[in-house]
Structures are given as structure tokens and as C-alpha cells.
Amino acid sequence: MLLDDWVKNEKLKVHMKQVGHLMKVFATLKGFDDLTVQKWYLAGLLHDADWDQWPEQHCKRIIGELEAREIDPEVIRAIASHGPRYFGVEPEHEIDKMLYAFDELSGFVHAYSLMRPEGYTGMEVKGVKKRLKDKTFAAQVSREDIADASSRAGIPVEELIQFVISNQGAADLG
Ligand SMILES: [Fe+2]
Ligand SMILES: [Fe+2]
């Protein structure tokens, strides 16, 4: 499968599976039909597929591949817009906005879970927010993108954080 063929970095695979899981749960809770839920899952699962081998071509390479495979254009568009400051494609549809919103936050909350002995258990929004204010913690995660994505999605950062805390621990990483 494309994910395993293209991505050798285990940490990146975990990230992609976690974002895929969040997208799937969000779409399911919204009551979307199975096909739509699958699209949301796929967009999350594959959004960084080219980052491992071709970081300078991110995310052109994966878009080209998915187009060649005739994957649903909604999935491709979501992937193309997951970093509007970098890729020049604006998140427009809900699937685009939620992928952008979950991307950085998912990685950030995961990093936080790894430094907590209890992982996700007992994690609180205020703990995550405290780490967000500490610019040295997971410094590569853009706080600006997190705030921008939250405002575009129309969902407060606190709510997004709570959603990630509540659901990310159950992601299937196999
Ligand atoms: Fe990315
Ligand atoms: Fe990502």
C-alpha cells in the first residue's frame, strides 16, 4: 500500500495514522455517510505521504500520484490545502479545514502524551495550552498555524484540543 511503500519513517507513519483517525472520527460524529467518512480518513492518512522521501516536493508529489490513481478530487483538494502558508491552496471545504486544523495539533498533543507517564490518560486541555505557550516545547509545531486553522474551521482551539485528547489515544497504529 502507498503509505508503507512511500513512508519509512515510523514517527511520520504514526502521525499520518493519527490524523487519519481524527478525521474519521470527526466525520463519523458528523453523521456523514460511509463513503464520505472514508474520504476524510484517506485525506488524513495520506496527507504527508511524500514528506519522507521528497520533502522539497511536499505535497505536489502525493497529489500527482493520487490524481494518477483517480482518487476522489475532494481528498486531493484537502491534502493540497493542508498548509495554506506553504502550498498556496486555501482550505475551502469542511474536509480541507479540518485536515488543516488537526494536522499540527495532532502532532503536538502526541508529543505531549509521550512526555506524560500516563500518556493520554488524565490529560487536560489546560495542560496542552500551557505547553503551547512554552515556545521551546515541540518548537517545530507552528502555533500560528494552529490558531489560523482554528479560526478558519470556526472551532475554538480548546475544543479542537479536547477532541484530539479524547480520540487520538484510540487510533489504530498497526
Ligand atoms: Fe504536511
Ligand atoms: Fe502532517
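Just so it is clear, the values below take in all heavy atoms, side chains as well, and ignore hydrogens, waters and symmetry mates. Computed from a predicted structure; not experimentally measured. Read the numbers this way: they start at 1 and go in the same order the structure lists the ligands and their atoms.
Summary: OD1 is the N/O/S atom of D103 found nearest to the Fe ion (ligand 2).
For the Fe ion (ligand 2), the N/O/S atoms of H82 include none lying under 2.8 Å. Inclusion of H47 in the first shell of the Fe ion (ligand 1) is not supported: no N, O or S atom falls under 2.8 Å. Among the atoms of D48, an N, O or S atom is found under 2.8 Å from the Fe ion (ligand 2). Residue H58: an N/O/S atom is found under 2.8 Å from the Fe ion (ligand 1).
Cluster annotation: L2 is connected to Y41 through the hydrophobic network of ILVMFWY side chains, with a link wherever side-chain heavy atoms come within less than 4.5 Å. Taken together through direct or relayed side-chain contacts under 4.5 Å among Ile, Leu, Val, Met, Phe, Trp and Tyr, V19 and Y120 form part of one hydrophobic cluster.
Closest non-hydrogen pair, L12 versus V7, comes out as CD2-CG1, 3.8 Å. In plain terms, the two heavy atoms of Q168 and H21 that are nearest each other are CA-CD2, 4.5 Å.
For the pair D4 and K13, the salt-bridge criterion is met [side-chain N within less than 4.0 Å of a carboxylate O].
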